[in-house]
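Along the sequence shown, the residues carry numbers beginning at 1.
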Amino acid sequence: MKPEDFDFVSRLIKSKSGLVLSEDKTYLLESRLMPIARKRGLKDLGELISAMRGGDRQLVEDVVDAMTTNESFFFRDTKPFDQFRHVVLPHMIKARASKRHLRIWCAAASSGQEPYSLAMILDEFKSQLSGWRIEIIGTDISREILTKARAGLYSQFEVQRGLPINLLVKYFQKQEDQWQISADIRSKVQYKEFNLLDDFRPLGQFDIVYCRNVLIYFDQPTKSDVLSRISALMPDDGFLFLGGAETVLGISDKFKPLARQRGIYQLNRPGAPEVDLAALEKAQAGGTAAASSGAAAGGLTFQKPKHMQTGAGTTAGSAARPTTPGTTTPGSTATRPFGTTGMTGSTGSTARPGVTPPRPGTTGTTGTTGTTGTGSSFGRPAGSTGTGSTTRPGTTGTGTTGTTGSTYRRPLGTGTTGTGAGGTTPTRPSTGTGNTSGTSGTTRPSSTFDRSRFGKPEDKK
């Protein structure tokens with residue numbers, strides 16, 4: 001793509017959507033626009049851009065639509081939905097008890113997974129919300145993606161991304177090779193085509209706003225402007241949710257972060273309430289999921305991804321970083337296997353004191369059973385022991401009888417009887433308390449061949 005064509009298209013997209021494309025995104029622009037060119041029967045991107053310059057409004061709309069990221073999945077990132085369930089919703093149930101009215105806006109709703117996730121949580125609170133009027137508005141700039149959102153049809157892959165199996169069974173029906181969310185949940189969400197660069201006032205007031213993973217595509221002035229206009233739509237006790245990579249700090253003074261909680265913000269006004277974080281923090285710590293103020297819902301739980309979970313009693317045989325140091329079970333499933341597991345070790349240390357460097361070509365005679373190591377490093381379970389390990393430092397065991405060292409490319413020298421635990425030749429030392437002392441061995445200079453085989457020079461005279 002010519003530089004002048006890229007400049008034209010990037011300026012057009014920014015003016016229409018706020019999306020900023022840097023020059024290193026040329027490949028992305030080309031990959032998104034070529035399918036449009038083929039669909040229109042155009043020879044290449046040059047013809048497509050010429051048509052855009054000529055004022056083809058539908059083509060411009062198609063291009064902007066194609067460049068808009070529509071990545072989404074159910075309960076994305078988990079935490080914003082835990083915050084909604086344990087903090088925001090119980091607070092609103094109490095604060096809005098007289099009005100019984102709640103409005104939620106999902107800006108950049110994409111294919112609908114975010115608003116439908118909120119609708120499922122609200123359904124779990126239906127006994128506490130009996131008689132309430134609740135509105136969820138989902139908006140997006142893409143007309144095509146909103147059509148998909150309204151249909152509520154998702155592939156097997158899409159329902160497997162973040163959706164707990166119990167909710168799939170409860171709220172979805174199989175439709176050939178797809179899954180459709182129930183009509184009841186679909187009826188709880190209204191979708192509207194809307195551009196975040198337009199005037200927000202026709203949308204009305206919102207108590208809760210989800211504007212996640214949108215601001216990252218805008219430049220600084222646009223971010224500040226969007227946040228300012230969002231704040232104008234919200235009451236004093238409203239809540240704003242942003243994406244994990246987004247913040248208001250240094251961009252807008254209209255909001256302030258909720259204490260100890262990333263991604264959720266309150267209005268920076270005197271009327272912003274104190275909220276109870278106890279239920280959320282208990283859930284985040286692995287406690288019983290119970291909402292505050294008597295607003296506990298019916299058993300809806302959201303597990304963290306496996307790589308984020310922490311166990312209460314993980315042992316060395318099951319993970320590389322146990323939560324209970326110093327205990328072992330037979331076997332190991334770490335990336336690089338240990339030797340056989342021995343006796344229980346004590347709490348580990350990350351330092352590496354007292355390690356005797358390896359002595360190539362030298363081994364001791366059979367040693368006694370080694371003592372427990374005092375620590376480990378490189379993310380290995382602390383305090384593990386083993387018999388005869390030759391791959392992992394930090395383990396001890398019975399040694400093996402040594403033989404005379406090789407005379408080719410290795411230092412010569414043999415050691416006699418060893419009295420300590422060991423016999424291992426680790427490549428990376430770790431901690432341990434075993435000794436490797438023994439009586440002195442004889443040595444001779446290293447050589448690449450043995451001169452004694454050819455006799456002394458004077459023997460040939």
Run the salt-bridge test on [X] and [Y] with the 4.0 Å N-O cut-off and return the result as yes or no.
| X | Y | value |
| --- | --- | --- |
| Arg262 | Glu246 | no |
| Asp140 | Lys192 | no |
| Asp62 | Arg143 | no |
| Asp77 | Lys79 | no |
| Glu61 | Lys16 | no |

Could you tell me the separation between the [atom1] atom of [X] and the [atom2] atom of [Y], rounded to the nearest 0.5 Å?
| X | Y | atom1 | atom2 | result |
| --- | --- | --- | --- | --- |
| Gln220 | Ser252 | CD | OG | 10.5 Å |
| Glu30 | Phe6 | CD | CZ | 9.5 Å |
| Leu168 | Gln160 | CG | CD | 9.0 Å |
| Ile13 | Tyr217 | CD1 | OH | 13.5 Å |
| Arg96 | His91 | CZ | NE2 | 7.0 Å |
| Ile251 | Thr247 | CD1 | OG1 | 6.0 Å |

If you count every heavy atom of other residues, nucleotides or ligands that lies below 6.0 Å from [X] atom [atom1], does the total exceed 12?
| X | atom1 | answer |
| --- | --- | --- |
| Lys174 | NZ | yes |
| Gln173 | CD | yes |
| Arg161 | CZ | yes |
| Glu4 | CD | yes |
| Glu274 | CD | no |
| Lys254 | NZ | no |

Considering all heavy atoms, the nearest Ile36-Ala66 contact: CD1-CB, 3.6 Å
Looking only at non-hydrogen atoms, find the nearest pair between Pro235 and Phe206 and report the distance.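 Closest approach of Pro235 to Phe206, heavy atoms only: CD-O, 3.2 Å.
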Indicate yes or no: at least one non-hydrogen side-chain atom of [X] is less than 4.5 angstrom from one of [Y].
| X | Y | result |
| --- | --- | --- |
| Leu118 | Tyr210 | yes |
| Leu242 | Arg212 | no |
| Leu45 | Leu29 | no |
| Lys188 | Ile134 | no |
| Gln205 | Met234 | no |
| Trp105 | Leu233 | yes |
| Glu144 | Asp65 | yes |
| Phe73 | Glu114 | no |

Please tell me whether [X] and [Y] have a donor and an acceptor in their side chains that are separated by less than 3.5 angstrom.
| X | Y | answer |
| --- | --- | --- |
| Glu135 | His101 | yes |
| Ser228 | Asp225 | no |
| Asp123 | Tyr171 | yes |

The test is ring pair (Phe, Tyr, Trp, His ring centres under 6.0 Å); show your working for Phe241 and Phe84 and say whether it passes. CA-CA 9 Å; Phe241 289 83; Phe84 177 75; 7.0 Å; no
Check for a donor-acceptor pair, side chain of [X] on one end and backbone N or O of [Y] on the other, with a separation under 3.5 Å.
| X | Y | value |
| --- | --- | --- |
| Asn268 | Asp253 | yes |
| Glu158 | Ser155 | yes |
| Ser50 | Gly46 | yes |
| Arg100 | Arg133 | no |
| Arg40 | Pro35 | no |

Would you verify whether the NZ or CZ of Arg150 falls within 45 degrees of the ring axis of Tyr191 while also being under 6.0 Å from that six-membered ring's centre? no
Go through the steps for Arg85 and Asp82 under the test side chain to side chain contact (heavy atoms under 4.5 Å, CB included), then give the verdict. CA-CA 5 Å; Arg85 181 174 186 268; Asp82 285 339; 5.7 Å; no
Phe239 pairs by side-chain contact (heavy atoms from CB on, under 4.5 Å) with which of Leu89, Val275, Ile104? Val275
Test log, rule ring pair (Phe, Tyr, Trp, His ring centres under 6.0 Å), inputs Phe125 and Trp132: CA-CA 11 Å; Phe125 280 80; Trp132 283 60; over 10 Å; no
Measure centre to centre between the rings of Phe172 and Trp179, then say whether the value is under 6.0 Å.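 Ring-ring flag for Phe172/Trp179: false, centres at least 6.0 Å apart.
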Got a sec, which pairs hit ring-ring contact (aromatic ring centres under 6.0 Å, His included) with one end in residues 138-161, sequence neighbours left out? Phe74-Tyr154
Give the intermediate values and the outcome of side chain to side chain contact (heavy atoms under 4.5 Å, CB included) for residues Asp236 and Gln266. CA-CA 8 Å; Asp236 292 343; Gln266 294 178 282; over 6 Å; no
